[in-house]
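I have placed the structure first, in the form of structure tokens, so that the comments after it can refer back to it.
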Amino acid sequence: MKRKSNRQLLWGVIVETEAYCQSEPGCHGFHKRTKRNETLFGEPGRLYVYLTYGKYHCVNIVTYKSGWANGVLLRAIAIPNEHERIAAGPGLLANRFGLNRSHDNLLVSIENGIWVCKGKSANNMNKIIQTTRIGISKAKSLRWRWYMKSSRSVSKRAKGDRCPSVLQSWQPRLEEGL
DNA sequence: ATATCGATCGGCT
DNA sequence: GCCGATCGATATT
């Protein structure tokens, strides 16, 4: 994911996500449309940002089509040349990228200063673990959480998964032309 | 009108 | 591993 604000470019590798679908009770859109979750029911490709536990924000990207409350929660991002835990969790991620309720419903695009593109990490050399979602009390059996096994920036590892002692397999590199 | 509950995190045991 | 912070949304009276 990349973010450009005040002429500063901040980017990192999305290393952990969770999926939420209107048809399951873990989703904010499961019950009904409200002022808070309105964006989740809207156009795909937009940010759904909400306040959780009174102090943290969670950033989602709306998926599927309008009328369906489906989205992907961005849980962790590994940022080159920064502390590996700086965005190792939904609240930390939102904080580091400066995203809050004011960014709710923002279209993910270069023009808006926040976008996602495919990088070198997206190859089959990076093993992806699929497991159950974190911090929810409903629909706990759904295995709709994915994270990069080799990354030390994942919020929390699944039982039995070991964090590698070596650094991430991806190499920090500065990009040109942005 | 009042009570309960979080898609979390940091501190403490 | 457990607990409290903190407040908006939702449920209950």
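Labels below follow one simple rule: chain letters A, B, ... track the order of the sequence lines, proteins then strands, and each chain is numbered from 1. For clarity, every value in this text was computed on a predicted model and none was experimentally measured.
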Could you give the [atom1]-to-[atom2] distance, from [X] to [N], as a whole number of Å?
| X | N | atom1 | atom2 | result |
| --- | --- | --- | --- | --- |
| A:Ile86 | B:dT8 | CD1 | P | 18 Å |
| A:Lys55 | B:dG10 | NZ | P | 10 Å |
| A:Glu18 | B:dA7 | CD | C1' | 6 Å |
| A:Lys138 | C:dA11 | NZ | P | 8 Å |
| A:Trp146 | B:dA7 | CH2 | C1' | 14 Å |
| A:His31 | B:dT4 | NE2 | C1' | 14 Å |
| A:Asn37 | B:dC5 | CG | C1' | 16 Å |
| A:Leu92 | B:dG11 | CG | P | 12 Å |

query: Below 4.5 Å, heavy atoms only, C-beta onward: do A:Thr39 and A:Val62 meet side chain to side chain?
result: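 Answer yes - side chains close enough.
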task: Searching all strands shown, indicate the nucleotide that pairs with B:dA7 (Watson-Crick or G-U wobble; both distances under 3.5 Å).
output: none
message: Counting only Watson-Crick pairs (N1-N3 plus N6-O4 or O6-N4) and G-U wobbles (N1-O2, O6-N3), all under 3.5 Å, who is the partner of C:dT6?
response: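 Base-paired to nothing in any strand shown.
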task: Describe the nucleic acid contact of A:Ser137 in one word from base, sugar-phosphate, nothing, applying a heavy-atom distance below 4.0 Å.
output: sugar-phosphate
message: Heavy atoms only, 4.0 Å cut-off, all strands: where does A:Arg133 land among base, sugar-phosphate and nothing?
response: nothing
Under 3.5 Å donor-acceptor, A:Arg3 side chain and A:Phe97 backbone: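 Checking the backbone N and O of A:Phe97 against the side chain of A:Arg3, a donor-acceptor pair under 3.5 Å is found.
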Is the distance from OP1 or OP2 of [N] to the nearest side-chain N or O of [X] less than 4.0 Å?
| X | N | value |
| --- | --- | --- |
| A:His28 | B:dA7 | yes |
| A:Arg75 | B:dT8 | yes |
| A:Thr34 | C:dT10 | yes |

Which nucleotide in C:dT10, B:dA7, C:dC7 has an atom nearest any side-chain atom of A:Leu51: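 The answer is C:dC7, which lies nearest to the side chain.
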message: Closest-nucleotide mapping onto DNA chain B: is A:Leu93 or A:Gly54 further toward the 5' terminus? I mean the 5' end.
response: A:Gly54
message: Tell me if the CD atom of A:Gln130 is crowded by more than 12 foreign heavy atoms within 6.0 Å.
response: yes
message: Tell me if the CH2 atom of A:Trp68 is crowded by more than 12 foreign heavy atoms within 6.0 Å.
response: no
Interface with DNA chain C, restricted to residues 99-107 of chain A and to heavy atoms under 4.0 Å: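 Within residues 99-107 of chain A, no residue comes under 4.0 Å of DNA chain C.
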message: Distance alone, cut at 3.5 Å: any donor-acceptor contact between the side chains of A:Arg143 and A:Thr132?
response: no
- request: Examine the side chains of A:Tyr147 and A:Asp161 and answer whether a donor and an acceptor come within less than 3.5 Å of each other.
  value: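 Note: A:Tyr147 and A:Asp161 side chains meet the donor-acceptor criterion.
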field: Side chain A:Tyr53 and base C:dA5 donor-acceptor under 3.5 Å
entry: no
message: Can you confirm if the NZ or CZ of A:Arg133 lies within 45° of the ring axis of A:Tyr20 and under 6.0 Å from the centre of its six-membered ring?
response: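 Verdict for A:Tyr20: a cation-pi partner in A:Arg133.
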query: A:His57 and A:Ala94: which non-hydrogen atoms are nearest, and at how many Å?
result: O-CB, 3.4 Å
